[in-house]
Amino acid sequence: MGEVDPAFIQEPEHRPRISYIVGKGVPLIDLAPILSSNNVSAIEFEGLVKEVGNACKDWGFFQVINHGVPMEKLQKIDDASRKFFAQSLEEKRKVRRNEKEVTGYFDSEHTKDVRDWKEVFDFTIEEPTIVPASHEPDDKEVTEWYNQWPEYPPELRETCQEYGQEMVKLAYKLLELIALSLDLPADRFHGFFKDQTSFMRANHYPPCPTPELALGVGRHKDAGALTILAQDDVGGLEVKQKTDGEWVRVKPTPDAYIINVGDIIQVWSNDRYESVEHRVMVNSERERFSLPFFFNPAHYTMVKPLEELTNERNPAKYKAYNWGKFITTKKRSNFQKLNVENIQIYHFKISD
């Protein structure tokens, strides 16, 4: 990725500032109370639920420590993905994503029609993952997504599958805390994930000669329920503060995960919690690696505000939409420049 192709260049108003603000307030939450086998006091547990609720409400982002994921499993997937990305482009492209094969390697992803300065490797958690065969609303056919695994490194497949299961376990724990913070039963969201469409991504952001013009990932919100991100010590993730709209950098915390609420939780909570815009900066000296996990429900889920959180005074703010059709519509725009804006949750907003 030597000289910068114009496809990577952001419009002037979206170009990153090279000097940045470090977000002081991104909450750091200790999950030890739900992991320790000792009896945790009700006060401690309620305090944790409240912390999670406040973080979702005020930031849409938070970090967690003492999360129960064995760090050697994170180290293994990090090592294996670095080995994969270190190969030649020709090797990596043997497992390239296309319209038929939706997982695997890809190096020309666009966010809001500008190319991202990154390469990725995607795999789904469930194999096969069942999704609609097309974005057409009346087409009831479904199809199966299978993962593409490279020959090298040979340990990548097993390492990814093992790590993926750790992410699912942590995601359920976090969802329980989020449910409780909304005064719902802890397992209120579990049923939506029976045939989950969750996937995992390994990101590699090479050094960029013009970090003031390009972004690793342009500004966006996550469409799913919850994202769990492991980032290395290089840093680059920026979050748009809800208070003033400023972009702030999330400083890497050793052994912590960064959690963000996705659009689905925004809809389920009827806007009590908000999915927040974020982006990734690149730099000219150091490459960066990260590992996001996207926790997504079954394709047949009709996403709509939960009945328990709506009433006459607080009516539903969204029409129901089908998650499977939503993702197949979104996938289309990854491969075709459609002259329409990509599908977003506000397209389902009920006007006041």
Side-chain angles (χ1 to χ4, degrees), residues 23 25-29 31 34 45-64 67 167 170-193 196 198 219-229 237-248 250 256-279 292-297 301-311 313-321 323 326 344-350 352:
V26 180
L28 182 65
I29 298 177
L31 296 183
I34 56 166
F45 185 70
E46 279 165 28
L48 174 59
V49 169
K50 201 175 168 76
E51 262 189 289
V52 168
N54 288 339
C56 291
K57 192 164 82 250
D58 300 339
W59 279 88
F61 264 81
F62 55 97
Q63 302 188 69
V64 293
H67 39 65
M167 289 296 95
L170 177 56
Y172 275 121
K173 284 177 195 152
L174 292 164
L175 267 191
E176 288 180 6
L177 291 168
I178 290 169
L180 291 165
S181 75
L182 290 164
D183 298 318
L184 299 166
D187 63 357
R188 177 63 177 89
F189 299 121
H190 285 24
F192 296 119
F193 295 86
Q196 60 180 305
S198 307
R219 69 196 194 287
H220 68 286
K221 297 180 177 187
D222 291 350
L226 200 65
T227 305
I228 302 177
L229 173 78
L237 175 68
E238 294 196 333
V239 178
K240 199 173 196 178
Q241 282 191 140
K242 286 176 68 172
T243 46
D244 56 8
E246 281 287 343
W247 287 103
V248 297
V250 182
Y257 282 106
I258 298 167
I259 315 297
N260 65 284
V261 164
D263 289 347
I264 289 177
I265 285 181
Q266 178 167 333
V267 174
W268 280 340
S269 74
N270 205 32
D271 281 356
R272 271 175 65 178
Y273 296 161
E274 199 181 327
S275 170
V276 171
E277 253 190 333
H278 49 288
R279 65 185 187 183
F293 164 75
F294 301 96
F295 196 39
N296 297 335
T301 305
M302 291 304 293
V303 181
K304 61 181 198 286
L306 299 179
E307 283 169 18
E308 303 95 309
L309 301 179
T310 55
N311 54 37
R313 285 199 321 280
N314 183 27
K317 295 179 177 169
Y318 297 89
K319 297 190 289 253
Y321 63 90
W323 170 244
F326 189 93
Q344 304 288 348
I345 54 168
Y346 66 74
H347 295 145
F348 300 97
K349 193 104 189 183
I350 296 169
D352 297 331

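Everything quoted here is computed from the prediction, not taken from an experiment.
Taking the six-membered ring for Trp and thresholds of 30 and 60 degrees, Trp268 and Phe193 have ring planes more than 60 degrees apart, a perpendicular arrangement. Between Trp323 and Phe326, the ring planes lie parallel to each other; the angle is under 30°, not in the 30° to 60° tilted range.
A distance of 9.5 Å separates CG of Leu226 from CG of Asn296, quoted to the nearest 0.5 Å. Taken to the nearest 0.5 Å, the NZ atom of Lys240 stands 9.0 Å off from the CZ atom of Arg279. The line from NE2 of His67 to CD1 of Ile259 is 8.5 Å long, rounded to the nearest 0.5 Å. One finds the CD atom of Gln344 at 13.0 Å from the NZ atom of Lys349 (value rounded to the nearest 0.5 Å). One finds the CD atom of Gln63 at 9.5 Å from the CG atom of Leu229 (value rounded to the nearest 0.5 Å). Put simply, NZ on Lys304 and OG1 on Thr310 are 9.5 Å apart, with the number rounded to the nearest 0.5 Å.
The side-chain heavy atoms of Tyr321 and Met302, taken from C-beta on, include no pair separated by under 4.5 Å. Counting heavy atoms from C-beta outward, Phe61 and Pro27 have side chains that stay 4.5 Å or more apart. Contact check for Asp263 versus Phe348: no side-chain heavy atoms found under the 4.5 Å cut-off. Looking at Glu238 and Val250, their side chains never come closer than 4.5 Å, going by heavy atoms from C-beta outward. Side chains of Phe192 and Ile264 form no contact here, defined as non-hydrogen atoms less than 4.5 Å apart. Using a 4.5 Å heavy-atom cutoff, the side chains of Ser198 and Phe294 are not in contact. Residues Thr243 and Asp58 have side chains not in contact (no heavy-atom distance under 4.5 Å, counting atoms from C-beta outward). Leu174 has its side chain out of reach of Phe295: every pair of non-hydrogen atoms, C-beta onward, lies at least 4.5 Å apart.
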Take Ile350 and Tyr318 through the test side chain to side chain contact (heavy atoms under 4.5 Å, CB included) and record every step on the way to the result.
-> CA-CA 5 Å; Ile350 296 169; Tyr318 297 89; 5.6 Å; no
Begin with the C-alpha distance, continue with both residues' side-chain angles, and end with the deciding distance and a verdict on salt bridge (charged side-chain N to carboxylate O under 4.0 Å, His left out) for Arg188 and Asp183.
-> CA-CA 10 Å; Arg188 177 63 177 89; Asp183 298 318; over 6 Å; no
Test Ile228 against Leu170 for side chain to side chain contact (heavy atoms under 4.5 Å, CB included), laying out the working first.
-> CA-CA 9 Å; Ile228 302 177; Leu170 177 56; 4.0 Å; yes
Given the rule in the side chain to side chain contact (heavy atoms under 4.5 Å, CB included) test, do Trp247 and Glu277 qualify, once you have shown the distances and angles that lead to the verdict?
-> CA-CA 9 Å; Trp247 287 103; Glu277 253 190 333; 4.1 Å; yes
For the pair Leu184 and Glu308, evaluate side chain to side chain contact (heavy atoms under 4.5 Å, CB included) and give the outcome as yes or no after the intermediate values.
-> CA-CA 8 Å; Leu184 299 166; Glu308 303 95 309; 3.8 Å; yes
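A 6.0 Å sphere centred on NZ of Lys50 holds no more than 12 heavy atoms belonging to other residues, nucleotides or ligands.
Proximity of a side-chain donor or acceptor of Gln266 to a complementary backbone N or O of Ser275 within less than 3.5 Å is detected. For the pair Asn311 (side chain) and Asn314 (backbone), a donor-acceptor distance under 3.5 Å is present. Under a 3.5 Å cut-off, the side chain of Lys242 and the backbone N or O of Lys57 do form a donor-acceptor pair. Judged purely by atom type and a 3.5 angstrom limit, Asp244 uses its side chain to pair as donor or acceptor with the backbone of Glu246. A donor-acceptor pair under 3.5 Å is absent between the side-chain atoms of Asn260 and the main chain of Asp222, judged by distance alone. Listed for the Asn270 side chain is no donor-acceptor partner under 3.5 Å among the backbone atoms of Leu306. Counting only distance, with no hydrogens or angles, the side chain of Ser269 and the backbone of Ile265 share a donor-acceptor pair below 3.5 Å.
Nearest heavy atoms, Ala186 versus Leu180: N-CD2, 3.9 Å. Nearest heavy-atom pair, Trp59 versus Val248, reported as atom, atom and distance to 0.1 Å: CZ3-CG2, 4.0 Å. Among all heavy-atom pairs drawn from Ala55 and Ile29, the shortest one is CB-CD1, 4.1 Å.
Side chains of Tyr172 and Asp187: a donor-acceptor N/O pair is absent below 3.5 angstrom, by distance only.
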